[in-house]
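Each ligand, and each atom within it, is numbered from 1 in the order the structure gives.
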Amino acid sequence: MNVIFLGPPGAGKGTQAQRICNALNIPQISTGDILRRAMKEETPTGLKAKSFIEAGLLVPDEVIIDIVRERLAQDDCQNGYILDGFPRTVPQAEALETIAKIDVVVDLDVADEELIARLSGRRVCLNCGATYHVSHLNGETKCAKCGEELIQRKDDSAETVLARLNVYHEQTAPLVDFYQKKGTLKVIDGAQDMDTIFESILAVMKG
Ligand code: AP5
Ligand code: ZN
């Protein structure tokens, strides 16, 4: 089953994609994670993406579409995948139509004030992609999954979070309508607790 996780920054796409992918043994394809890895390794794509990401802006469509096209051609995508953070613009969604058949689009719906609180307290592991919130870490500074030091993403600074939310409302929110019209959209209240959201996503994926 090929699934898209749609939703604003901080809605919980990464958190839930990781859980669902572990449960179903399918790959999580996070364009944000792919770009951050490229930045860390200073590849040409990483160097190109850096200034956009740090300003809270979207990386140009052509760059992202090429990344996704290459990734979806790999063998581990044969039995389904979750696209986490792609598509984010109408041109990306239109390009995806020519690359893959999407079965379900899960839209995690969360109000802006809650998103700001989540992102400003988020800590991430750049090694394995795990995500935490300071309110649950009890002072712990290392990743519970792999032991790497946790960091605060540069784009989780207060000012950049607001820029990302604006970009979401202007460029990505129109995709809700796009997929509603295609009949694949399932909206889930992303303000619920993580376990309830997890079960709701599994339920809509089973149809
Ligand atoms: P990306 O990495 O995709 O960032 P994002 O969409 O802004 O999403 P986030 O990772 O911030 O949030 P999330 O929804 O995954 O939430 P999370 O699970 O971490 O993209 C980064 C940048 O890369 C973009 O700004 C852009 O520049 C570029 N980019 C990426 N894809 C692109 C594309 N397709 N086109 C162009 N550019 C692209 O949760 C957030 C926090 O909340 C965590 O602390 C978590 O613990 C907590 N939390 C999660 N669920 C709950 C819950 N139910 N209750 C309470 N707390 C919760
Ligand atoms: Zn880790």
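When heavy-atom distances to ligand 1 are checked against a 4.0 Å cut-off, L58 comes that close through both its backbone and its side chain. When non-hydrogen atoms are compared, ligand 1 lies under 4.0 Å from neither the backbone nor the side chain of T89. Counting heavy atoms under 4.0 Å from ligand 1, residue L35 touches it through the side chain alone. Neither the backbone nor the side chain of Q16 comes within 4.0 Å of ligand 1, counting heavy atoms alone. Residue I197 touches ligand 1 through its side chain alone, judged by heavy-atom distances below 4.0 Å.
Judged by the shortest distance from any of its heavy atoms, G10 lies inside the 4.0 Å radius around the atoms of ligand 1. By the 4.0 Å heavy-atom criterion, P8 is counted among the residues contacting ligand 1. Heavy-atom separations between P87 and ligand 1 are all 4.0 Å or longer. Remark: distances from the non-hydrogen atoms of Q192 to ligand 1 include one below 4.0 Å. Between R36 and ligand 1 there is a heavy-atom distance shorter than 4.0 Å.
With hydrogens and angles ignored, the 3.5 Å screen pairs a side-chain donor or acceptor of K13 with a backbone N or O of G7. Of the possible polar contacts, one joining the S200 side chain to the T196 backbone as a donor-acceptor pair under 3.5 Å is found. Q92 places a side-chain N or O within donor-acceptor distance of the main-chain N or O of R88, the cut-off being under 3.5 Å.
Looking only at heavy atoms of the protein, atom 57 (C) of ligand 1 is closest to M194 CE, 3.5 Å. Counting only heavy atoms of the protein, atom 37 (N) of ligand 1 lies nearest to V59 N, 3.0 Å. The nearest protein atom to atom 24 (C) of ligand 1, hydrogens excluded, is given as R88 NH2, 3.8 Å; this is a heavy-atom distance. Scanning the protein for heavy atoms near atom 16 (O) of ligand 1, the closest one is G12 N, 3.2 Å. Of all protein heavy atoms, the one lying nearest to atom 52 (C) of ligand 1 is R118 NH2, 3.4 Å. The nearest protein atom to atom 44 (O) of ligand 1, hydrogens excluded, is given as Y132 O, 2.9 Å; this is a heavy-atom distance. Nearest protein neighbour of atom 49 (C) of ligand 1, counting heavy atoms only, is T15 OG1, 3.6 Å. Closest to atom 15 (O) of ligand 1, if we only count protein heavy atoms, is G14 N, 2.8 Å.
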**Request:** Go through R37 and E41 one step at a time and tell me if the salt bridge (Lys or Arg N to Asp or Glu O under 4.0 Å) criterion holds.
**Result:** CA-CA 6 Å; R37 200 164 308 128; E41 290 168 3; 5.6 Å; no
**Request:** Test I116 against L162 for side chain to side chain contact (heavy atoms under 4.5 Å, CB included), laying out the working first.
**Result:** CA-CA 8 Å; I116 293 167; L162 293 181; 3.8 Å; yes
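The list of side chain to side chain donor-acceptor pair (under 3.5 Å) pairs with a residue in residues 98-109, not counting sequence neighbours, reads K101-D103.
Nearest residue to atom 21 (C) of ligand 1 from R153, R122, H136, R164 is R153 (criterion: closest heavy atom).
No N or O atom of I64 sits closer than 3.5 Å to an N or O atom of ligand 1. The shortest N or O to N or O distance between K13 and ligand 1 is below 3.5 Å. In terms of polar-atom proximity, D84 is not counted as a contact of ligand 1, lacking any N or O under 3.5 Å from an N or O of the ligand.
Listed by chain and residue number, the protein N/O/S atoms under 2.8 Å of the Zn ion (ligand 2) are C125 SG, C128 SG, C143 SG, C146 SG, with waters left out.
In plain terms, the two heavy atoms of P9 and L165 that are nearest each other are CG-CD2, 4.0 Å. Shown here for G190 and R118, the closest heavy-atom pair between the two residues is O-NH2, 2.8 Å.
For ligand 1, the atoms closer than 4.0 angstrom to any heavy atom of Q92 are 33 (C), 34 (N), 35 (N), 36 (C).
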